[in-house]
Structure formats: structure tokens, C-alpha cells
Peer 1: 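The structure follows.
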Protein chains: 2
Amino acid sequence: MPESAIRPRKEFGKTIAADITHRLREEIIACGLPPGEPLRFDVLRERFGASFTTLREALTALAAEGLVDAQEQRGFRVASVSRQDLVEVTDARVLIEVELIRRSIARGDDDWEIAVISTLHRLKRIEQRDPEHPLRDPEWKIAHRQFHQALVSACGSATLLAIRAELFDRAERYRHLSANFRPRPRDKAGEHQAIMQAAISRNADLAVQLIETHIRSTADNVATYAAHLLDTE
Amino acid sequence: MPESAIRPRKEFGKTIAADITHRLREEIIACGLPPGEPLRFDVLRERFGASFTTLREALTALAAEGLVDAQEQRGFRVASVSRQDLVEVTDARVLIEVELIRRSIARGDDDWEIAVISTLHRLKRIEQRDPEHPLRDPEWKIAHRQFHQALVSACGSATLLAIRAELFDRAERYRHLSANFRPRPRDKAGEHQAIMQAAISRNADLAVQLIETHIRSTADNVATYAAHLLDTE
DNA sequence: CAAACGCGCATTTTCGAAAATCATACCGTT
DNA sequence: AACGGTATGATTTTCGAAAATGCGCGTTTG
């Protein structure tokens, strides 16, 4: 197997451009590239080992997702953050996620229930293993994302799922923004458990109410602990 | 003025890539490039007069908007159409547009009212001038888009407006798809007038109901008259 | 005869150099 | 000293050639 020996440069997707898009997205969400940071081609070229054009393609895709700002003839920069944007993302998430939860509860079959239960189980196991600073654990982030994805996966609309995924990414960036200043993570395990139970027992109204609270309280937390980062823009 | 003499290649935006993106988008929406059509670089290169890389950037952006399908290592093609996709786009539009109309009615000021009234006025004048086949008239298309844009423009969320714009484009492509087979356009002028009046008089429930009917009946029309194009995919 | 392999062509994808554009500092004039 | 214009350097944007990849066809093999 020569691939593993030669150390392939592409780890996600088949094309280098798709791989770079993925890696850049992760870095921006994790605030490794902070909001407002200029994305100069020289720097990116060195860091990601790709050419101008390939990087340009990746940045264009991320600009369409709202994670990068494209200023024509003056390059790209990481999308800036603001209280207004946080409110918009939060409201849009509530609007869409509430609808998708209702549809999934109405349409979900056995496989859906299994997916919800098993992704929550994995999330809880990871939380037990290392209960502090979950956002710094890549495995927790993936498991957390997959649980919320599973909840809405039976909605039947790929279109709305794609929109939801974009908004989830933008919200996760705000969570990372405040993670370094938040004294202790609040008890999300209980919230996730309650959401799962409401969904599985097909109690749509309760599930919707719990999800909305979950999203809004997380956003409130960000607004509180990242206040100094949101007002100076 | 040398620019007008030399005939500038960029007509929209400052960069060639943004210009090509805009022109490609228009052609795809108008079905000048039919659904499923492979987008080979040789052909596009000749038609748009740009290089591989610039075209690639434009196609990547349109793929993020859902108007182009990117198949890694196997090129791009115009996004295919289907009954399922039409239903998804329609449902998503209703969900979002209804919310934005409510917010605009709640928040709209004098400028908003003026924008709604004046864009409708222009739309009606264009319809009087040439009452048949409105979709073939570029001016009607622009005026129609601007009226619907004005209705929701006071919602206060750039995030949701961007999502709405993407869905509007995807829906407009379906309208073009059926335009050639629809015997006669139904009376949209009356619907637009009623929506305007409900919005201006701040009757949110009525406006929401009219908008939903407007969107769904248009989609039903497409599903009927473009049925042969939707089932053979 | 069917299936699998390898070769060659068509097409996409990537690259770095060259052109275009923007930002800044410098200079001369008022 | 303030202002306008211009040269210069830094950066982005565009280009076409070169490399990589997929696809179809013909050949071989079981």
C-alpha cells in the first residue's frame, strides 16, 4: 500500500481543493484563524502547501458559506463576528431546527431512533472520559455534531439540512470564541438526554421547546463571556 | 473615456470571476444551460473567454448555491431537477419567506412601504406594456424579483435574506423550465396587488397566507406543465 | 464467451509565472 | 503646511502549460 507510505496530502475528499476547503473550515470554526484575520495567499500557501488558484477556490467556497468575507480586489479575510450576526445566526437556527425536528419526529423510523440513541450514547461516553473543556476535544465536537445531526436527519429535506449545516458551523465558531473565557461548561449532558427522550417518545412540542432553549441559552452564554470580542468590532 | 471604447469584459463586479459567476448564474436560471448539462471547460472557455481556473472558481461558487453539481474528479454539471427537489425548494421558501414577511410587517418603516409600493408600480407598468410571456422579458424578471425582495427587505436579518435569495433563484429556474410549456400565464398581477395591500395595511396573517398560496400555486403550475421534464430524471 | 487487465485518449485539476490592481510614501507645487 | 499627483512595492487576480485522473476500447486470459 504505497499511499500510506508516501503520506497522501489529501485526507478529505478526492481533490486538493476540497481538502483545503475542509481544513480551512475547521480552522476558522475553531478560531485558530481568528475573526477578521486577513487571509493572505503567501501565508496560506506556506501553511497549506497549495497554489494560489487552489486556495482561491477554497476561499470562494467558504465565502459562500459565510465563514469568509471576500473583498473584491482586496483579498479575503475570516468573517468578522458581531452581536448582530450572533443574533441572526441564532434566530435562523431556531427557525429551521424547530421545523426539522418536527418533521423528523413525524417521519422518523426505527433507524432514526437508533441513530439518535447511539449518537447520544457515544457523546455521553466521551463526556465521562474527560468531563472538562469538551470543545477542545475533537472527538467530543464530532460526537456532539453527529447527535444533533441525527436528531433532524429524518426530516426528508436535503435542502434544509444543507442550510442547517451551514448555520451550525457558524454557531460553533461563536461557541469556540467564548470557550476560552467561560469558567465552566454548564450541564449540557442533561439537556441532550432530555431532548433525546422527547424525540424518541414523539413529543414534538416538548422537543421543540427544549431545542429552542438549548440553542438560545448557548448563544446567551456566548454573548456574555465573549462580550469583549463582540463589541470591539 | 477609454473603457467604453475598449469594451470592458467585466460588466458585473470588479473581478472577472465574479462577472463569470453572475453570467453563469443567469444562464442556468434561464435554462439556457439546461438541467443536467455537463459543463466542460473547453466549451465554457470558448463561450465566456476565461481561463480554466477562473471558470473553476465561478463553478465552485455556484455549486455552493445549489445551481451546479460538483462531481469530484469528474467535473461540473448544471444541477439536475426533480419533483423531490422542487418540493424541497418550495417548502423551504414557504418556511423562510413567511417568517421574513412577518418580521418586515412588524418592523418596516416609511422607506419600506415606499419600496414595496414603487417596485409593484414598476412591475405593473411593465406588465401593461407587454402582457404576455413575462418570463422572457428581462426587465419583468428584474422588476418581479425586486418587488418580492422589497416585501421582505425590512426583516432585519441579512443571514436569512441571503438564504432566501438562493432559494428564490432555484425556484425561478423551475419557473423557466415550465414557461415554454405553459399555455398562458395566470393572473399574477392581482396576487401581487393583494399581497402589497395586506403588507402595507400590516395585516400579517393575510399577507402570510397570500404569499404561501402564491409560492405553492406557482410550484404546482411548474409541476403540472413541466411534468415530463421532472419524471425522466 | 465472459471477465479482467492494460493502454491511450479526453478531461479535469494543479501549478507558478505574469499581468493587473491596490496601498503607501515621496516629491513638487500652491 | 496642505494638497495632488506619481512612482514604487506589496498583494491579488488571471492565464495557459503541465501533471493527474477517469473513461472507453481492445486485447488477453480463464
Side-chain angles (χ1 to χ4, degrees), chain A residues 1-25 28 33 36-64 67-80, chain B residues 1-25 28 33 36-64 67-80:
Chain A
M1 44 181 74
E3 306 123 30
S4 63
I6 303 179
R7 171 75 170 101
R9 283 157 59 180
K10 313 175 196 172
E11 304 189 350
F12 179 90
K14 289 184 170 183
T15 65
I16 294 180
D19 181 46
I20 305 262
T21 305
H22 181 252
R23 287 163 58 194
L24 255 173
R25 185 189 294 117
I28 291 174
L33 292 166
E37 176 94 344
L39 296 166
R40 298 234 173 71
F41 284 99
D42 296 337
V43 182
L44 297 178
R45 207 147 163 281
E46 188 177 6
R47 196 204 274 233
F48 292 97
S51 69
F52 297 105
T53 345
T54 307
L55 288 166
R56 182 156 246 278
E57 184 181 333
L59 290 171
T60 303
L62 293 173
L67 290 174
V68 161
D69 273 1
Q71 306 159 310
E72 298 200 339
Q73 306 284 20
R74 294 200 283 137
F76 298 82
R77 48 179 56 213
V78 179
S80 59
Chain B
M1 41 181 77
E3 308 122 27
S4 62
I6 303 179
R7 169 79 168 98
R9 283 157 60 180
K10 311 176 199 172
E11 304 190 350
F12 180 89
K14 288 185 171 184
T15 66
I16 293 180
D19 181 46
I20 304 264
T21 305
H22 181 253
R23 286 164 57 193
L24 255 173
R25 186 190 293 117
I28 291 174
L33 293 165
E37 177 95 343
L39 296 165
R40 299 232 174 74
F41 284 99
D42 296 337
V43 181
L44 297 178
R45 207 147 162 281
E46 189 178 4
R47 196 204 276 233
F48 292 97
S51 70
F52 298 105
T53 345
T54 306
L55 287 165
R56 183 158 246 278
E57 184 181 332
L59 291 171
T60 303
L62 293 174
L67 290 174
V68 161
D69 273 1
Q71 305 158 313
E72 298 199 338
Q73 305 285 22
R74 294 199 284 135
F76 298 82
R77 49 179 57 213
V78 179
S80 58

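Computed from heavy atoms alone, side chains included, the values below leave out hydrogens, waters and symmetry copies. Naming: A, B, ... by sequence-line order, numbering from 1 per chain. All figures in this text were calculated on a predicted structure; none of them were measured in a lab.
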Peer 1: For B/Thr21, give me all partners under side chain to side chain donor-acceptor pair (under 3.5 Å), at least two apart in sequence or on another chain.
Peer 2: none
Peer 1: Can you pull out every salt bridge (charged side-chain N to carboxylate O under 4.0 Å, His left out) where at least one residue sits in residues 45-63 of chain B? Sequence neighbours excluded, please.
Peer 2: A/Arg56-B/Glu57, A/Glu57-B/Arg56, B/Glu27-B/Arg47
Peer 1: Closest heavy-atom contact between B/Ile16 and B/Ala50?
Peer 2: CG2-CB, 4.5 Å
Peer 1: Can you confirm whether A/Leu24 sits close enough to A/Leu33 that some side-chain heavy atom of one is under 4.5 Å from a side-chain heavy atom of the other?
Peer 2: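 Yes, at least one pair of side-chain atoms sits under 4.5 Å.
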Peer 1: How close or far is atom P of D/dT12 from atom CG of A/Leu55, stated in whole angstroms?
Peer 2: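 Checked: the CG to P distance equals 11 Å.
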Peer 1: Counting side-chain heavy atoms from CB outward, which of C/dT14, D/dT14, C/dC22 is closest to A/Gln73?
Peer 2: C/dC22
Peer 1: Output the rounded distance in Å from CD (B/Glu57) to P (C/dT13).
Peer 2: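 The answer, rounded to whole Å, is 15 Å.
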Peer 1: With sequence neighbours excluded, what pairs up with B/Ala70 under the side-chain contact (heavy atoms from CB on, under 4.5 Å) test?
Peer 2: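 side-chain contact (heavy atoms from CB on, under 4.5 Å) check on B/Ala70 returns B/Ala63, B/Phe76.
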Peer 1: Which nucleotide, C/dT14, C/dC15, D/dT13, lies nearest any side-chain atom of A/Ala50?
Peer 2: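 Out of C/dT14, C/dC15, D/dT13, the nucleotide with an atom closest to A/Ala50's side chain is C/dC15.
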Peer 1: Given atom NZ of A/Lys14 and atom C1' of D/dA19, what is their separation to the nearest angstrom?
Peer 2: 18 Å
Peer 1: Between CZ of B/Arg23 and CD1 of B/Ile28, what distance do you get to the nearest 0.5 Å?
Peer 2: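 With rounding to 0.5 Å, CZ (B/Arg23) is 13.0 Å from CD1 (B/Ile28).
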Peer 1: Identify the pairs formed between an N or O of the protein and an N or O of nucleotides 23-25 of chain C at a distance under 3.5 Å, and give each distance.
Peer 2:
from: C/dA23; atom 1: OP1; to: A/Arg74; atom 2: NE; distance (Å): 3.4
from: C/dA23; atom 1: OP1; to: A/Arg74; atom 2: NH1; distance (Å): 3.4

Peer 1: Using whole Å, what does the distance between atom C1' of nucleotide D/dT13 and atom CD of A/Gln71 come to?
Peer 2: 15 Å
Peer 1: Mind listing the residues from residues 39-46 of chain A sitting with a heavy atom below 4.0 Å of DNA chain D? Number order is fine.
Peer 2: A/Leu39, A/Arg40, A/Phe41
Peer 1: Can you figure out which of D/dA17, D/dT12, D/dC15 approaches the side chain of B/Ser51 most closely?
Peer 2: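 Taking heavy atoms from C-beta onward, the closest nucleotide is D/dC15.
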Peer 1: Closest approach of B/Ala17 and B/Ala58, non-hydrogen atoms and distance?
Peer 2: O-CB, 4.2 Å
Peer 1: Report yes if a side-chain nitrogen or oxygen of A/Thr54 is closer than 4.0 Å to either non-bridging phosphate oxygen (OP1 or OP2) of C/dC15; otherwise report no.
Peer 2: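 So the side chain of A/Thr54 is within the cut-off, an N or O lying under 4.0 Å from OP1 or OP2 of C/dC15.
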Peer 1: Rounded to whole angstrom units, what separation is found between the CZ atom of B/Arg56 and the C1' atom of C/dT12?
Peer 2: 7 Å
Peer 1: Can you list everything that forms a side-chain contact (heavy atoms from CB on, under 4.5 Å) with B/Arg40? Sequence neighbours excluded, please.
Peer 2: B/Pro38, B/Val43
Peer 1: Tell me which nucleotide among D/dG16, D/dG22, C/dA17 gets nearest to the side chain of B/Phe52.
Peer 2: D/dG16
Peer 1: Using a 4.5 Å cut-off on heavy atoms from C-beta on, say whether the side chain of A/Leu59 contacts that of A/Leu44.
Peer 2: yes
